[in-house]
Student: 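To start, I am sharing the structure in question, which I have written as structure tokens.
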Amino acid sequence: MAGTEGGRDWAYRVDPYGFERPDDFDYASYEAFFSGYLVVLTRRAIKWSKLLKGKNSIQKSLKVKRYIRKGIPNEHRALIWMIVSGAQANMEQNPGYYHRLLEGEKNDKLVEAIKTDMNRTFPDNIKFRQTADPCLQDTLYNVLVAYGHHNKAVGYCQGMNFIAGYLILITKNEEESFWLLDALIGRILPDYYSPAMMGLKTDQEVLGELVKLKVPAVAELMERHGVMWTLVVSRWFICLFIDILPIETVLRIWDCLFYEGSKIIFRVALTLIKQHQAFILEATNFPDICDKFKQITKGTFVTECHTFMQKIFTEPGTLSMTTIDKLRETCREKLLSQG
């Protein structure tokens, strides 16, 4: 590999998903991580091939859950996401539905809102540029327009463009991306993207309550300086860590999200906070706290996705869906009483 940025081959400046690497990208530490991770990926690919035995189906089981936590190889990712999320079953039960949505009457206001966001979606990704052939903006537009007409209560909301964009990069399939988006917005993320965003606001409060339980010193710091959780974590929830954490890490999080549901988001958030507790507690004022929360999503801890994923299942301790549901209920009631 070329040693200097100037002489660095163009292919290295663009990652395998089409994203241009920033000028300050640390190639040396990334290569050190990736050479080791490649060994893990190769080992996992062999195990997954044996598990699938060339079939396009899989049954949920403890073994499958364990395999998913250790990462789905990219060549199987779209298939496994489709199956475990229920998107595959929905697509098969509704043949032609996606294309009928695209051919039907359109809501002009919705179409306009989506068009406005097209050039703002991954400007650093060469596959989404208008000069690209094929240009993924066209695919993205179709998926979002279809979804907006399928789920009229949600329509279109900023953040959905990034999620749909990632789905398209992984599935390379328009209709599958639509059904995966439906699995996420319709089932996995309760009420995140509706106009009132009640589910999103609730889950940010739930995280605050979980931090009180598991990292009380950080909760106390936030309270003392009057920092609302929404200021530091709203993008973690809305974008499911896209543009917050490195892409390999985001995809590993999504592997678990499609199988285990929204509690994975809390596991990731708690791990980031708990792991960097001492660093966050150095903050002495409001802007300082906000800055620390930006910093904790960078560096080797989050780049080394395999060890990071192991951490999210150990660092926060036990975290049941029952606990989350109870907290959601009380936080939601509190938000509704505040009007």
Side-chain angles (χ1 to χ4, degrees), residues 5 15 19-30 32-33 120-125 157-159 161-163 166 192 197 200-254 257 262 264-305 307-309 311-312 315-316 319 331 335:
E5 181 51 44
D15 76 13
F19 289 97
E20 289 176 324
R21 291 184 163 134
D23 293 340
D24 61 355
F25 185 76
D26 186 346
Y27 288 90
S29 66
Y30 182 76
F33 148 69
R120 296 182 197 156
T121 310
F122 302 135
D124 57 340
N125 190 304
C157 158
Q158 280 184 332
N161 50 328
F162 295 109
I163 291 170
Y166 255 47
Y192 272 30
M197 289 186 155
L200 177 73
K201 290 171 185 167
T202 301
D203 277 3
Q204 288 170 172
E205 293 301 316
V206 169
L207 177 64
E209 292 301 315
L210 288 169
V211 174
K212 270 184 207 167
L213 291 169
K214 293 176 183 285
V215 207
V218 171
E220 200 268 324
L221 175 84
M222 299 282 283
E223 216 158 291
R224 196 164 69 243
H225 292 284
V227 182
M228 290 166 69
W229 280 103
T230 184
L231 289 171
V232 289
V233 299
S234 65
R235 283 188 61 236
W236 296 7
F237 285 88
I238 292 173
C239 296
L240 301 176
F241 301 102
I242 293 173
D243 280 352
I244 310 282
L245 297 176
I247 186 164
E248 290 294 339
T249 310
V250 175
L251 295 172
R252 289 287 301 270
I253 292 166
W254 284 25
L257 182 66
S262 56
I264 294 299
I265 303 171
F266 296 109
R267 284 200 166 277
V268 174
L270 285 168
T271 302
L272 287 169
I273 294 163
K274 205 170 174 190
Q275 181 73 21
H276 298 96
Q277 178 174 350
F279 176 71
I280 294 167
L281 293 175
E282 288 168 9
T284 53
N285 56 42
F286 192 109
D288 209 6
I289 293 171
C290 296
D291 189 54
K292 296 272 189 230
F293 270 84
K294 284 200 183 86
Q295 296 301 317
I296 65 174
T297 59
K298 297 176 171 67
T300 53
F301 179 63
V302 294
T303 302
E304 293 177 356
C305 56
T307 43
F308 179 78
M309 291 306 289
K311 279 273 190 210
I312 77 163
E315 194 80 11
L319 184 63
C331 290
L335 284 165

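Hydrogens, waters and symmetry mates are skipped; everything else that's a heavy atom, side chains included, is used.
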Student: Quick one: are Trp254 and Ile264 in side-chain contact, heavy atoms under 4.5 Å?
Tutor: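 SC-SC contact between Trp254 and Ile264 ruled out.
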Student: Might you point out which heavy atoms bring Val302 and Leu272 nearest each other, and give the distance in Å?
Tutor: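 Between these two residues, the closest heavy atoms are CG1-CD2, 3.6 Å.
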Student: May I ask you to test the Thr303-Thr249 pair for a side-chain heavy-atom distance under 4.5 Å?
Tutor: no
Student: May I have the step-by-step check of side chain to side chain contact (heavy atoms under 4.5 Å, CB included) for Thr307 and Phe301, ending in yes or no?
Tutor: CA-CA 8 Å; Thr307 43; Phe301 179 63; over 6 Å; no
Student: Any donor and acceptor pair, going by atom type alone, linking the side chain of Lys214 with main-chain N or O of Pro316 inside 3.5 Å?
Tutor: yes
Student: To the nearest 0.5 Å, how far apart are CG in Leu270 and CG in Leu207?
Tutor: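 So the CG of Leu270 and the CG of Leu207 are separated by 5.5 Å.
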Student: Once rounded to the nearest 0.5 Å, what's the spacing between atom CG of Leu335 and atom NZ of Lys201?
Tutor: 7.5 Å
Student: Roughly how far, to the nearest 0.5 Å, is the CD1 atom of Ile280 from the CG atom of Asp291?
Tutor: 11.5 Å
Student: For the residue pair Phe122 and Phe19, categorise the inter-ring angle as parallel (less than 30°), tilted (30 to 60°) or perpendicular (more than 60°).
Tutor: perpendicular
Student: Do Asn161 side-chain atoms and Gly159 backbone N/O form a donor-acceptor pair below 3.5 Å?
Tutor: yes
Student: Hey, are the side chains of Ser234 and Gln204 touching, using non-hydrogen atoms and a 4.5 Å cut-off?
Tutor: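 SC-SC contact between Ser234 and Gln204 confirmed.
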Student: Report the distance from atom CD of Glu304 to atom CE of Met309, rounding to the nearest 0.5 Å.
Tutor: 14.5 Å
Student: Quick one: are Ile265 and Tyr192 in side-chain contact, heavy atoms under 4.5 Å?
Tutor: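 Ile265 vs Tyr192: side chains touch.
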Student: Are Asp15 and Glu248 side-chain neighbours, meaning at least one heavy-atom pair lies under 4.5 Å?
Tutor: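 Of all side-chain heavy-atom pairs linking Glu248 with Asp15, none is under 4.5 Å.
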Student: After noting the C-alpha distance and the side-chain angles of Met222 and Val211, does the key distance pass the side chain to side chain contact (heavy atoms under 4.5 Å, CB included) rule?
Tutor: CA-CA 10 Å; Met222 299 282 283; Val211 174; over 6 Å; no
Student: Give, for atom NZ of Lys294 and atom CD1 of Ile244, the distance between the pair rounded to the nearest 0.5 Å.
Tutor: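 Interatomic distance, Lys294 NZ to Ile244 CD1, rounded to 0.5 Å: 9.5 Å.
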Student: Taking all non-hydrogen atoms of both residues, which atom of Asp288 and which atom of Ala283 are closest, and how far apart?
Tutor: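 Shortest heavy-atom contact: OD2-CA, 3.3 Å.
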Student: When you measure from the centre of the six-membered ring of Tyr30, is the NZ or CZ of Arg21 closer than 6.0 Å and no more than 45° off the axis?
Tutor: yes
Student: Is there a side chain to side chain contact (heavy atoms under 4.5 Å, CB included) between Asp243 and Arg235 once you walk through the steps?
Tutor: CA-CA 9 Å; Asp243 280 352; Arg235 283 188 61 236; 3.8 Å; yes
Student: Could you tell me whether Glu223 atom CD has more than 12 heavy atoms of other residues or ligands within 6.0 Å of it?
Tutor: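 12 or below, so no.
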Student: May I ask you to test the Met197-Phe237 pair for a side-chain heavy-atom distance under 4.5 Å?
Tutor: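 Contact flag for Met197/Phe237 side chains = no.
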Student: For a side chain to side chain contact (heavy atoms under 4.5 Å, CB included) check, start with the C-alpha distance between Arg120 and Gln158, then their side-chain angles and the critical distance, and finish with the verdict.
Tutor: CA-CA 10 Å; Arg120 296 182 197 156; Gln158 280 184 332; 3.2 Å; yes
Student: Show the nearest heavy-atom pair for residues Leu257 and Ser262, with the distance to one decimal.
Tutor: CD1-CA, 3.9 Å
Student: Would you say the side chain of Val268 lies within less than 4.5 Å of the side chain of Trp236, judging by non-hydrogen atoms?
Tutor: no
Student: About how many Å separate CZ of Phe286 and CZ of Arg224, when rounded to the nearest 0.5 Å?
Tutor: 14.0 Å
Student: With the side chain counted from C-beta on, respond yes when Ile253 and Leu240 share a heavy-atom pair under 4.5 Å apart, and no when they do not.
Tutor: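 Ile253 vs Leu240: side chains apart.
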